[in-house]
Amino acid sequence: MRTLTLLADRVERSPLARETVNALADGAYWGWAVALLAAAAAWAGRGAPSPGTAALAAAAIAVGVGAAALRSWRRTDPAAAPAARRLAATMAARRWATGYGLIATIVPISVMAGDGRASIAVTVAYIVALVLLGVALLTLQPRARARLLARLRIGVRAVAGTEHARVGRALWTGMALQRVLITYPADWSAHRSARRDELVERVMWELCGPPPASPRQALGRPDYLTRWDHINTRLIVERVPSLPPRLPARDFGQHGAIVLGQTVAEDADQVIDGVPVALYEPTAHLLVAGATQHGKSSGVRAWAVDGLGHGVFPGGILAVLDGKGSGSFAPLIGRQGVGPVAHTPEEWEQALLQAVVPEVDRRYAQMLAWRSGQSTQRPHHPRALVVLDEIQQILAARPDLLQVFDRLARQALEAGVILWVLTQRPDARDAIPGAVRDQLTDRVTFGPLSGAGAKMVFDVVGDDWARGMGVAPLAGRALTWMGGRWRPVQAPWLPMPVDIPQVEALYPPHTGQQPTPEPEHPPAPAAPSGDPWRGYGPPPPPPQTTAPPEPSAEPRRWPPPSPRPAAEPPGPVEELLRDYGDPPPTPEGPDDRGQAEALATYNPNDPYAHRRRRRRD
Ligand SMILES: Nc1ncnc2c1ncn2[C@@H]1O[C@H](COP(=O)(O)OP(=O)(O)OP(=O)(O)O)[C@@H](O)[C@H]1O
């Protein structure tokens, strides 16, 4: 019993199996109707029926028609939509047709069997079964399409509250709906965002169904995007072409931009080695949201490393504050161009107040000196990055840092410092203080968001925030809103060198270490076939040849070591929140390179010296 139930569950989850069952059922209705007609024709062809048989058939027909009428009349609730009434009548008519078809088939077969013509009876039964199966299979695709459109139509009309909402002009590939137009009447209040949101949610529900329960279901689940065409009063629903479930990180050889990941061909900036990629050159602060285990930290780690190696952050990564203390950014510790990677409240404060704030201050002072004419050298501030992972956890432990974040969010950009803020709960109240969130104008979600989360993350884009709900729940699958463009991407998967030593070549060298020679496209070990979820799996067998790997055509240049924090111990937080009205300190030069030294208090060889705990929940 349990096995049967599980099997039924699986059938319901498989689109093909589901449609086969549906088509068999629907085809059976049609088949029985065909059988009924054939039986009536054969019956009439054999000669006029006896008056008794004819009367019986007439009575049966009357009963059937009467019952169908009764059923639809019962449904004739004035409040019910005409579509619902029509549907009830159709269902009743089908059922009665099936019943009559059954009788019309069984009666002659049993009569023949009773007359001793068993072989003919079996042949007739066999032919009837074949006809039913044939009808079911032949109508599989059109019926699946009609079923989906009917569901959409009912949903759309229920939400729009009018019969005049139309669903049509659909484009298909097999049974997959590629595009459909949903036209609403001009007098429908489409200007109200709540109504538009409801319609989009309903359409997404009909097209994508409930959230998948496993990665495999997630892979099979279609993604759709919607656009409003207010001139023609319609909603355009388009299927997003599927992306691979994993894109191994590699050196794509681009310069001055980060490879966000593989995207759909029409949104790609470049096609590199056959992979349509989305590129990103940060010009604004970024908010990265997404539920746990959807690949936020790994994606951001891959982007940061890619940016470091391809001239996007010549000023390096000033600091990484890991609010979870989970070690997602630990592979960056002690690497060239990377400042402190902080895991505890004490380390967060140190990193902020010794590595980030002084650097922003220094850059501001240089700007002030230049703009006020006190300096003759235009300051050059190479773009630098600060990563704040799980900012709400940082603030929960250190609420006194709020003002520092607030000030950084407002001032860092002008000083050439980009903030990437990560959070699991964008919808939680005050998860990210409003003043900070408002400055994060680029937005990304890894995996789908709840309605509230999508609204919070993509509030900057107006109506289209609902797109954040339709992202496939796969690790590394993201929807980006950057530079005014939406793009679905599969972010590169960059494992940690401790797990997969071959990826070491993709990371910046450790401080004081020569860069590792890079193979042309290191290292893209394919996911084990048949199971894309197992990561990179065990290291591959050693190569046959002992020759060193070829250096890449254009070797990556890593940024210099991160800027030195203030030599003197930091004062209280309040002191660092002073205004910038003071006379600027003497600028040290147009370039930051001369000032870059190892951090005074942060020892990359002993990164966990101050660490009190590994993980904070
Ligand atoms: N780009 C990717 N492609 C494929 N799989 C990935 C990708 N990124 C992450 N994963 C898988 O998802 C797992 C979770 O990733 P990660 O820790 O980055 O998620 P997260 O969203 O930051 O989770 P949390 O918020 O709980 O830290 C990884 O261990 C890895 O197996």
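When a ligand or atom number is given, it counts from 1 through the structure's own listing order. What you are looking at is a predicted structure, and each value in this text was computed from that prediction instead of being measured.
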*Out of curiosity, is A291 lining ligand 1, as in a heavy atom under 4.0 Å away?*
yes
State if P492 counts as touching ligand 1 under the rule of any non-hydrogen atom under 4.0 Å.
yes
- Task: Verify the ring-centre separation between F329 and W420: is it less than 6.0 angstrom?
- Result: no
Students often mix this up, so state it plainly: with edges at 30° and 60°, are the rings of W303 and F446 parallel, tilted or perpendicular?
tilted
* Will you find, in the side chains of E504 and Q502, an N or O donor that is under 3.5 Å from an N or O acceptor? -> no
Q) Does ligand 1 have any atom sitting under 4.0 Å from a heavy atom of Q490? A) yes
**Request:** Let me see the working for Q178 and T173 under side chain to side chain donor-acceptor pair (under 3.5 Å), right down to the final yes or no.
**Result:** CA-CA 7 Å; Q178 298 298 337; T173 306; 3.1 Å; yes
A student checking ligand 1 against K324 at a 4.0 Å heavy-atom cut-off should list atoms 24 (P), 25 (O), 27 (O)
Going by the 4.0 angstrom heavy-atom rule, the piece of Q424 near ligand 1 is side chain
### Message
For the residue pair D306 / Q254, report whether a side-chain donor-acceptor contact shorter than 3.5 Å exists.
### Response
yes
- With a 4.0 Å cut-off on heavy atoms, is G290 touching ligand 1? no
Contact region, S326 to ligand 1, non-hydrogen atoms below 4.0 Å, reads neither
With respect to G476, determine whether any N or O atom, backbone or side chain, lies less than 3.5 Å from an N or O atom of ligand 1. no
On a heavy-atom basis, the closest approach of R437 and M456 is NH1-O, 2.8 Å
So is A491 polar-close to ligand 1, meaning N/O to N/O under 3.5 Å? yes
Query - R301 bridged to D389 by N-O distance under 4.0 Å - result: no
If we number the atoms of ligand 1 from 1 as shown, the ones under 4.0 Å from a heavy atom of S298 are 8 (N), 9 (C), 15 (O), 16 (P), 18 (O)
Kindly say whether L177 contributes a backbone atom to a donor-acceptor pair with the side chain of Y224 at under 3.5 angstrom? yes
Counting heavy atoms under 4.0 Å, the part of R246 that contacts ligand 1 is side chain
